[in-house]
Structures are given as structure tokens and as C-alpha cells.
Protein chains: 2
Amino acid sequence: MPAHRTARERARAELTAEIKDEARRQLADSGANGLSLRAVARELGMVSSALYRYFPSRDELLTALIVDAYNALGDTLDTASASASASGGSPADRWRAAAHALRSWARTHPHEYALLYGTPVPGYRAPDDTIVPAGRVPGAFLWIARDAWHAGDLPVNGAEPDDTLRTQARTIATALDLSGLPEVVILRAVDAWTQLFGTVALEFTGQFANTLDPADAYFARAVELQLRTAGLA
Amino acid sequence: MPAHRTARERARAELTAEIKDEARRQLADSGANGLSLRAVARELGMVSSALYRYFPSRDELLTALIVDAYNALGDTLDTASASASASGGSPADRWRAAAHALRSWARTHPHEYALLYGTPVPGYRAPDDTIVPAGRVPGAFLWIARDAWHAGDLPVNGAEPDDTLRTQARTIATALDLSGLPEVVILRAVDAWTQLFGTVALEFTGQFANTLDPADAYFARAVELQLRTAGLA
DNA sequence: CGAAAGTGAGAGCAGTGCTCTCGATTGCGA
DNA sequence: TCGCAATCGAGAGCACTGCTCTCACTTTCG
């Protein structure tokens, strides 16, 4: 990012960032439904119509926030995974660290988590700019399996998938840079990711209320099951 | 439901039902965000303020729809499970039937599914009237495990849970009428339910797009994994 | 029969997303 | 350096929302 040339461009970039910051702030304490363009503008001391020079619609603003949130979550997971690795942890330890980081992020950023994995608000749309950052989240976990495989720590077993699943596994492999991994290994890692996601999603939507309520113990147990599913333990 | 006494009571019950029907219709093609009290009233030929005689707020209307949706989903799962059982299916077959029924319901009722398992919109609320019907959904699956256990089809193995998990498992047991089941069996069934939910949720929120896109094959595979997790296969 | 409760209509408040017009400012090419 | 064009903020306005309050009318029940 080079120094912005004209004063206008600099001002525009700054204001765009300020708008996103204020929007993130409102998102954090009112949720996506409560995010109001007018309120953002008000808080920034400008009039609402001026905001449309920067974001053509409320949905575009939300999309920008979604991309940022995916990246923030991706960074969090990468950091957790990397630091577990740096301190001599096994692939299983990395998975544990990343899994707990995911749960923790969801709990500390509920509205952003909801933005990513909650209701796809309007009529089913998946803006193209979101799919790459979105992939970083499962990626953080699949990459652990990849590294374990390359280190020879991962057994190849389990039923051979059929053709459909094989080609879909290959699609995942190319999208997430998992070349060389056998399809079975990929699919088992996906299975484990699915389990992890399910646990977090159930807790998040309150389905554990009154039963598994402080879900710490169950989550820890679920992570161990994920490790067995993925072949990491 | 006895014949309603006064004409007023009858009219009230009918109108309440009509409001919910119209609201459900709007929900089905606009989503929860698009549900407008005024539009419902307009469609019913009444004025918006009159609607508040029947539902004190938009949220109350939504809560009523949520309860109905939980029950509709619960009925669907029960039916699938029961008919698999009636045609001589094993517990595993019942789980398969119910699991596919769950996915199918989610796909055919996306907005209602989103209402149940999507963003908990405002600031974390779980109206008490929803928690019993909500329990029917995991219940439909845990009851399959319970029946299999009583039929002696379910092995008891796996690591013994610690105290926290034991008592939480017992809470689930009393809430869902699973008396007699060992905690390990309950927890393994919960694990399987978590996996199932995760698979549906990931597909639903579009996380499989461009990778596991027609998710039929992967879902079938995931169900088999659930059966092994629960000990049903 | 008459009071009390229930009901619908209408106006109104405060808020929303978004559009359009109108000056003012800025930037770039001639 | 000057002038035109692009960009920008402000303001008014449209069509909508949830919700409240008042007022008249009807039903119910003591």
C-alpha cells in the first residue's frame, strides 16, 4: 500500500476506514440487524446520504465487514495454530489450540460470528469477495492435517470414498492448497471440521442451554473426538 | 380443544391463526427480516394497530412462529423415525431416516430453519416457551439411541466422562426422558447429534459452496460416521 | 339493562434505507 | 495557469417500518 497520491484519495481511504470502524462498533453491540447507516453517519458527524458515496448500500457495508471478520477469525486461528506449533506441540496440540481459539472467538465476537455463520440474511447471496477469506477458517484446520500428513503422522485408513466424493475432495485440495493429500485424509479432516463447527454452532445458538450449559467440558471432549476422527490422535 | 364458548373467543382464535398463517407465508418468501406486521395486517384487510391486540410485538409473533416451527420439525423427524421403525428398520435405519428428514426439512424450509438455528437476533434471548419444543429435535435422535439401548443393540464403551459431564448427561436424561441410559451412551449420542447438526448447518450457511456443493454424497457419508459415533453401527 | 371489557380504525411519532438535486471543492489535462 | 469535469457533503423527500394513543363501536356478563 503506497502513499496515496492525492489528498482526496487519502481522505477517502481514511473515511472509508472510519465508517467501517464505526459500523463494527455498532455491530458489536447491536448486531447486524441494529446496524443503521444513518446512525453510523450521525456518529461520524456527517449526513446519511454522504455515506452512500463510500458504500452503495447497507449490504455492501455488511459485506465489507464480513470479509474483515473472516480475516480476523482466520488470523486468530492461524496464530493459535502457529504458536502451538512453535512451542513444540504436535499436530493434535495445534488442532486443540485452534479449536479452542475458534470457540473463544465466537464467544467474544458473537455478532461477528453471527454475521459469518448465522442467517444468510436476505435471499441467499454469497458475494464472491467473501469466499476466499471464508476458506481460511476450515483451511486453518485442514492445514494441520496436511502438515501432519507430510510429517508422516497421519494414517491412511477408513472406507474409500466414491467418485463424487473423490472429485469434491480434489476440489477442496486445489482450493486450499492440499496437493498430495489422499482424498481419505482430506475427507476425514473435513469430518472433524464439521464436528467442531457443529459443537460451536450448537452452543452459540443456545441449544445447550439448561443442559450442557457451561459447555467447556463437553467442548474439550468433542475436540478429542475430532482428533480421533481426523486421525490426529 | 373444546368448542369455543363465546363468539368473540372463536373469532379471536381464528384471527390469531390467520395472522400466524399469513406471517408464515411472508416468512417463507422474505425471511425473518422481511416479516412486517404492517404487511401482514394489510394482507388480512385490517389496520396494523389492530394486530397488536393479538401479538403485543413483532418479537412475540416471531416467537409463536418459532414454537410452531420447532414442532413442525419435531413432527417431521418423529414421523420419519417411526415409519422407518414400522417398516422393520434397525435403529441405524431410523437414524438415517431422521437425519435425511432433518436435512430435507432444512432445505425445503430455509427461512424457518434460519429462524430456529440462525442468528439469535437481538441480545440473546431464549423465550421459555421455546425450550421444550426445541428439545424435540435432538430428542428425536437421542430417543433412537435410547430404544437401541433398551433393545440391547448399543454397546457401552468409550472413555468414562468426568463428573461435570456426568451430571450434565443426567440433566439431559431427565429433560428428554432417557432414564436408565448410561451417561456414556447419552454423550455418544450427543456427539453424533452434534456432527449431524454441524453438517446441516455448514451446508445451510453456504460453506460448502464450490467444494462439497451437491452435498448429498458427503451427507450420506457423514450420517454413517454419526452411526459409528453413536454406536449404532 | 347497563357497566365493563374487548376490538378495530385512524392519526401520529420516531426511526429506517435510499434517491435526487444543488452548491462547493478538488484534481487533471490543455 | 486556467477551466472543465469529477467528486463530495448537505438537505429535502419518498416509502416504508414498529409501536402508541385515542376514539368509537360491539360483545359479554353480572
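Only a predicted model underlies this, so the values are computations on that prediction, with no experimental measurement involved. Naming convention: chains lettered A, B, ... in sequence-line order (proteins, then strands); numbering from 1 in each chain.
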How long is the line joining CG of Leu37(A) and C1' of dG9(D), in whole Å? 16 Å
Here the distance between atom C1' of dC25(D) and atom CZ of Arg53(B), to the nearest Å, is 12 Å
Under 4.0 angstrom, heavy atoms only, what part of the nucleic acid is Ser48(B) near: base, sugar-phosphate, or nothing? base
State, with a plain yes or no, whether a side-chain heavy atom of Arg136(B) is found less than 4.5 Å away from one of Asp75(B). yes
Decide if the gap between the ring center of Tyr117(A) and the ring center of Phe204(A) is smaller than 6.0 angstrom. no
Nearest-nucleotide wise, let me know which of Leu51(A) and Arg38(A) is further upstream toward the 5' end of DNA chain D. Leu51(A)
Can you measure Arg10(B) atom CZ to dT27(D) atom P for me and round it to whole angstrom units? 12 Å
Polar side chain donor-acceptor pair, Ser57(B) to Tyr52(B), under 3.5 angstrom: no
Any donor-acceptor pair under 3.5 Å joining the side chain of Arg8(A) to the base of dT25(C)? yes
In whole angstrom, what separates Met46(B)'s CE from dA9(C)'s P? 6 Å
Counting only side-chain nitrogens and oxygens, does Thr6(B) get under 4.0 Å of the OP1 or OP2 atom of dT28(D)? yes
Does Leu35(B) reach a base, just sugar-phosphate, or nothing at all? Heavy atoms under 4.0 Å. sugar-phosphate
Identify whether any heavy atom of Tyr54(B) sits under 4.0 Å from a base atom; if not, whether one sits that close to sugar-phosphate; answer base, sugar-phosphate or nothing. sugar-phosphate
Indicate whether OP1 or OP2 belonging to dT16(C) is found under 4.0 Å from a side-chain N or O atom of Arg42(A). yes
Whole-Å distance, Gln26(A) CD to dT16(C) C1', equals 13 Å
With no angle test and no hydrogens, is the base of dG6(C) tied to the side chain of Arg12(B) by a donor-acceptor pair under 3.5 Å? no
Is it the case that Arg12(A) places NZ or CZ above or below the six-membered ring of Tyr54(A), under 6.0 angstrom from the centre and within 45 degrees of the axis? yes
How would you label the contact of Leu44(B) with the nucleic acid (heavy atoms, under 4.0 Å): base, sugar-phosphate, or nothing? nothing
Main-chain N/O of Trp105(A) paired to Thr108(A) side chain as donor or acceptor, under 3.5 Å: yes
Earlier contact from the 5' end, DNA chain C, for Val47(B) and Ala39(A): Val47(B)
Less than 4.0 angstrom between a side-chain N/O of Ser36(A) and OP1 or OP2 of dT16(C), yes or no? yes
